[in-house]
Amino acid sequence: MKNKIRLLLGNEAIARGLVEAGCAVATAYPGTPSSEILPAVAKFKAEEGMSGHVQWAVNEKVAFEIAYTASIAGLRSSVSMKQVGLNVASDPLMSAAYMGAKGGFLVISADDPGPHSSQTEQDSRLMAMMAKVPVLDPASARQAKQMVRIGFRMSEKFSIPVLLRPTTRVCHSRQDVVLEKPQLVELKADYQKDPFRWAATPKFRFKLHGELETKLAQIAAWEASGPIQLNQVSGGSRAVLASGVSAAHAAEIIKSLGLWDKLPLFQVLQPYPLHMDFVRSILDNYESICVLEETVGVIEMQLGAANRVKGKLSGYVPGVGELLPEKIEEILSDFAGVRSEAVTVGKAPGRRPTLCAGCPHRAAFFAIKKAAPRGIYPSDIGCYTLGLNLGAVDTVLCMGAAVSQAAGFHHAFKEQEKHPPIVATIGDSTFFHSGVAPLIDAVVQRVPFVLVILDNSTTAMTGNQPTAASGFGVNGEILGKVDLEGLVKGCGVGFCRQEDPYSIKDFTSLIKEALEFCKENGPAVVISRHPCLLDLRRKGGSWEYRQVKVTETCDGCGFCVSQFECPALVLDEDAEQVSLDQGLCSGCGVCVEVCPKKALEVVL
Amino acid sequence: MKSDKGQQLVISGVGGQGVLFVTRLLAEAAIDKGLPVFTSETHGMAQRGGTVISHLKVGEFSSPMIRPGQADGLLVLHAENLALHGAYARSGAWAVVNQAGRLEALQDETRTLEIYCLDAAQLAETVNSPRSSNLVVLGRVLSLETGLFCNFGDIVKVLEKRLASDSKRCNQAVAALETGLKAGA
């Protein structure tokens with residue numbers, strides 16, 4: 001078979017690598033910038049007629065534990081997530097490092113320096129250091145695919161979980177990638193009981209920790225993952241070390257500065273554990289070393305020699321934000337003592353993201369503000385975080401925290417005279433991910449608050465993946481489903497009702513009713529139920545279209561624009577009129593109820 | 001391709017305008033011609049109506065990103081973005097901007113930028129494809145004599161491949177592209 005070249009997203013290249021390497025079990029929880037990996041695994045498996053198990057899990061911890069167990073049972077497996085997902089999965093990661101792997105086990109944690117679409121800029125390579133597992137840091141889509149293969153080999157050779165850490169610029173860049181033939185592997189699980197390892201008590205954990213250190217020392221000498229010098233330069237007193245996409249930027253910039261045959265550039269493929277021979281030779285051969293890496297000085301701290309190493313810790317390279325190529329150009333020009341021509345793009349804010357026209361969350365937020373105007377509004381991670389623009393989101397901490405923060409606010413205020421009403425919002429997928437445990441806790445503590453579960457039947461922000469209530473899987477296959485009301489009631493909640501937020505009056509009344517109930521009885525749950533329009537559109541679905549017009553009554557007060565912020569409503573301040581962008585309008589008709597002047601009408 | 005230095009394009013707009021789609025078409029066209037290609041894209045939260053930018057690099061590059069001052073051309077689907085992303089252009093670069101009326105060539109001490117404006121939204125309406133202003137802008141780009149690595153026919157081929165299962169959408173897309181192309185005649 002002739003190898004085919006295809007334009008692949010970095011995440012698709014990783015998926016292709018997994019399929020080519022015979023990964024039998026692949027799991028994930030969606031999160032930008034990692035979300036496209038799992039669907040691509042399913043797609044490539046289908047194209048190649050390969051079997052195996054591919055699934056979205058309810059959260060990253062569950063996803064990790066399922067894939068890891070497949071490794072224990074002798075199969076090649078992988079779990080993918082975004083960097084903050086690895087926080088959720090950190091508990092099994094720490095232990096899996098001690099116990100080791102049997103079939104190759106790859107943990108893919110996509111970092112987001114910038115951050116572009118994340119709560120933190122955390123560096124998963126530090127998590128690898130903490131867990132004591134090796135980590136590979138690809139510079140491009142093509143290299144990410146190669147590293148999947150190296151990672152599986154390493155995992156099996158040293159019996160250890162291996163972390164692959166792509167960043168946004170690798171995940172979300174496209175490149176021409178050669179498709180190779182998948183490795184034919186026999187999918188046969190073979191679990192060998194070994195309770196001293198797979199169920200190790202502290203005494204045996206101590207022994208396993210010792211073995212882990214030995215493995216790490218061997219990995220730090222394994223050639224296949226060793227650093228590579230990208231250009232042929234001999235002599236000189238300065239060298240540049242780079243990893244991840246910073247190495248790709250650095251190579252191009254060193255060429256354009258005319259330093260390709262003068263300034264040696266080394267790419268570190270495995271930032272932890274750093275290869276010891278390499279560390280020695282770098283420190284022996286060069287007086288001054290510049291380290292370019294994202295987001296923390298992981299390589300730099302292993303080099304030591306603080307007086308000769310210029311990087312994040314020394315303050316030479318910025319410690320915050322993405323290491324953009326123009327920044328690297330400035331740094332390298334300075335390091336090599338040449339003039340920098342680097343231009344930077346001003347930090348203009350651009351247009352802020354907003355909920356889509358017709359988004360059911362917008363209607364729910366408007367009703368919440370109306371029902372509890374002086375409330376505290378804890379919220380969570382998802383599209384509905386954009387309720388911030390509407391003043392209906394006060395806190396966003398991490399997945400599931402809306403529920404526990406509602407409780408925290410109640411406990412904080414309970415001895416005060418005035419108790420602000422608390423209305424928390426959480427998406428359906430986020431509720432399944434991490435909202436159930438804090439809801440149980442709130443029931444036990446009888447916390448008086450209203451939890452609005454924004455059920456749009458999908459994981460919208462990350463690209464409309466199914467939720468636990470969808471009843472289908474990554475390839476559309478029919479699966480079991482969880483009944484959301486049943487789950488809420490099973491947690492012990494005494495008030496659980498649902499309403500379509502498009503019926504904004506009924507929905508507002510329902511929130512008020514829930515607020516009354518919770519005062520005496522503990523948490524009340526309102527399920528705001530209306531499908532995501534993006535998801536409906538994607539699936540070829542349709543909905544009732546109510547054409548709206550602006551009547552002459554409109555005096556351009558701007559209430560609908562500031563309080564409802566539908567992108568289809570545009571205020572012309574000079575004309576003192578709001579106009580409707582028919583191209584953007586979804587025909588939800590909710591704005592008609594929102595206008596205080598009754599200047600919006602449904603055209604009959 | 002005219003120059004062996006490769007070509008670097010910035011595609012700028014807001015979420016929902018099809019920035020990624022245009023980037024993808026150009027990248028596929030490069031692959032069909034056997035050229036190495038890189039793109040860098042905005043996904044996630046910004047796609048909900050926020051500012052979106054993609055970089056496209058065709059030729060021998062190792063980084064997926066374009067440095068400010070290096071882009072050969074700009075496709076600006078949302079006119080306000082010219083101010084945001086104009087600094088990516090090198091001196092002498094071109095920009096096709098989705099805006100009714102005219103803009104004078106943008107000039108500062110170091111650079112000049114050739115600007116071509118067209119009302120892509122209105123032109124897209126004329127072919128009953130109101131969501132295709134992205135393709136109208138791309139069509140206008142293909143009408144420029146810039147020595148771009150691909151031409152109208154190359155993009156049509158990619159569209160036919162990508163929309164093979166939906167001939168109605170494909171015809172609409174080609175019509176939108178052609179409208180942009182003719183706007184430059």
Side-chain angles (χ1 to χ4, degrees), chain A residues 5-7 9-10 31-33 35-36 112 116-118 139-141 168-176 230 245 247-253 255-256 324-326 328-329 341-346 348-357 359 383 385-386 461-463 534 567 582-584, chain B residues 5 12-16 20 23-24 27-32 34-57 60-70 78 80-81 83-90 110-111 121 124-125 130-131 133 158:
Chain A
I5 292 178
R6 235 203 265 180
L7 180 70
L9 196 63
T32 312
S35 309
E36 298 85 1
D112 187 24
H116 295 274
S117 207
S118 300
S140 65
T168 304
R169 297 304 180 181
V170 172
C171 294
H172 289 163
S173 68
R174 287 181 201 270
Q175 195 181 12
D176 44 317
L230 298 178
V245 76
H249 298 324
E252 207 171 292
I253 289 160
K255 275 180 200 161
S256 73
L324 291 168
E326 52 269 35
I328 291 183
E329 183 176 352
E341 312 248 316
V343 185
T344 48
V345 173
R351 193 148 106 172
R352 72 178 179 183
T354 175
L355 296 168
C356 306
C359 176
C383 285
T385 304
L386 295 170
M461 173 109 286
T462 47
L534 275 183
Q582 297 289 355
L584 280 175
Chain B
K5 282 177 70 187
S12 166
V14 294
L20 295 190
T23 312
R24 181 95 192 248
E28 295 275 6
I31 291 210
D32 289 348
L35 298 167
V37 65
F38 261 118
T39 75
S40 185
E41 308 172 350
T42 315
H43 290 223
M45 188 174 264
Q47 281 182 292
R48 302 282 176 270
T51 301
V52 171
I53 180 171
S54 315
H55 302 200
L56 175 86
K57 295 167 91 170
E60 296 297 333
F61 294 99
S62 63
S63 157
M65 294 181 76
I66 298 173
R67 275 173 284 154
Q70 304 276 335
H78 182 70
E80 288 163 31
N81 288 21
L84 287 179
H85 297 140
Y88 279 100
R90 65 169 167 77
T110 52
R111 304 169 311 135
E125 292 276 358
R131 296 173 78 92
S133 17
V158 177

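Quantities reported herein were computed from a predicted structural model and do not represent experimental measurements. Reminder, nothing fancy here: chain letters follow the sequence lines and each chain counts from 1.
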Could you tell me which non-hydrogen atom of A:L7 sits nearest to which non-hydrogen atom of B:A27, and how far apart they are?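 Taking A:L7 first and B:A27 second, the nearest heavy atoms are CD2-CB, 3.4 Å.
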Considering all heavy atoms, the nearest B:S62-A:A251 contact: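 The pair with the smallest heavy-atom distance is OG-CB, 3.7 Å.
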Which portion of [X] sits near chain B, non-hydrogen atoms under 4.5 angstrom:
| X | answer |
| --- | --- |
| A:T168 | neither |
| A:R352 | backbone |
| A:P325 | both |
| A:L9 | side chain |
| A:L534 | side chain |
| A:E36 | side chain |

For side chain to side chain contact (heavy atoms under 4.5 Å, CB included), just list the numbers for A:H172 and B:S40, CA-CA rounded to whole Å, side-chain angles, deciding distance to a tenth of an Å, and then say yes or no. CA-CA 6 Å; A:H172 289 163; B:S40 185; over 6 Å; no
Pick one of side chain, backbone, both or neither for [X], based on which atoms fall under 4.5 Å of a heavy atom in chain A.
| X | result |
| --- | --- |
| B:H78 | side chain |
| B:P130 | neither |
| B:R131 | side chain |

Using a cut-off of under 4.5 Å on heavy-atom pairs, state which of A:V245, A:T344, A:T462 scores highest against chain B.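 Most pairs with chain B among the choices: A:T344.
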Between A:R6 and B:E28, is the closest basic N to carboxylate O distance under 4.0 Å?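 Looking at B:E28 and A:R6, the cut-off is not met.
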Is the closest side-chain heavy-atom distance between [X] and [Y] below 4.5 Å?
| X | Y | result |
| --- | --- | --- |
| A:E252 | B:K57 | yes |
| B:P64 | A:H249 | yes |
| B:M65 | A:L324 | yes |

For A:E329, enumerate each residue passing the salt bridge (charged side-chain N to carboxylate O under 4.0 Å, His left out) test, keeping only those at least two apart in sequence or located in another chain.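 With sequence neighbours excluded, A:E329 shows a salt bridge (charged side-chain N to carboxylate O under 4.0 Å, His left out) to B:R67, given in chain and number order.
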Would you give the length of the straight line joining atom OG of A:S140 to atom CZ of B:F61, rounded to the nearest 0.5 angstrom?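 If we round to the nearest 0.5 Å, A:S140:OG and B:F61:CZ are 15.0 Å apart.
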Residue that, paired with A:R174, satisfies side chain to side chain contact (heavy atoms under 4.5 Å, CB included) out of B:T39, B:L20, B:I31: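 Running side chain to side chain contact (heavy atoms under 4.5 Å, CB included) over B:T39, B:L20, B:I31 with A:R174 returns exactly one hit, B:T39.
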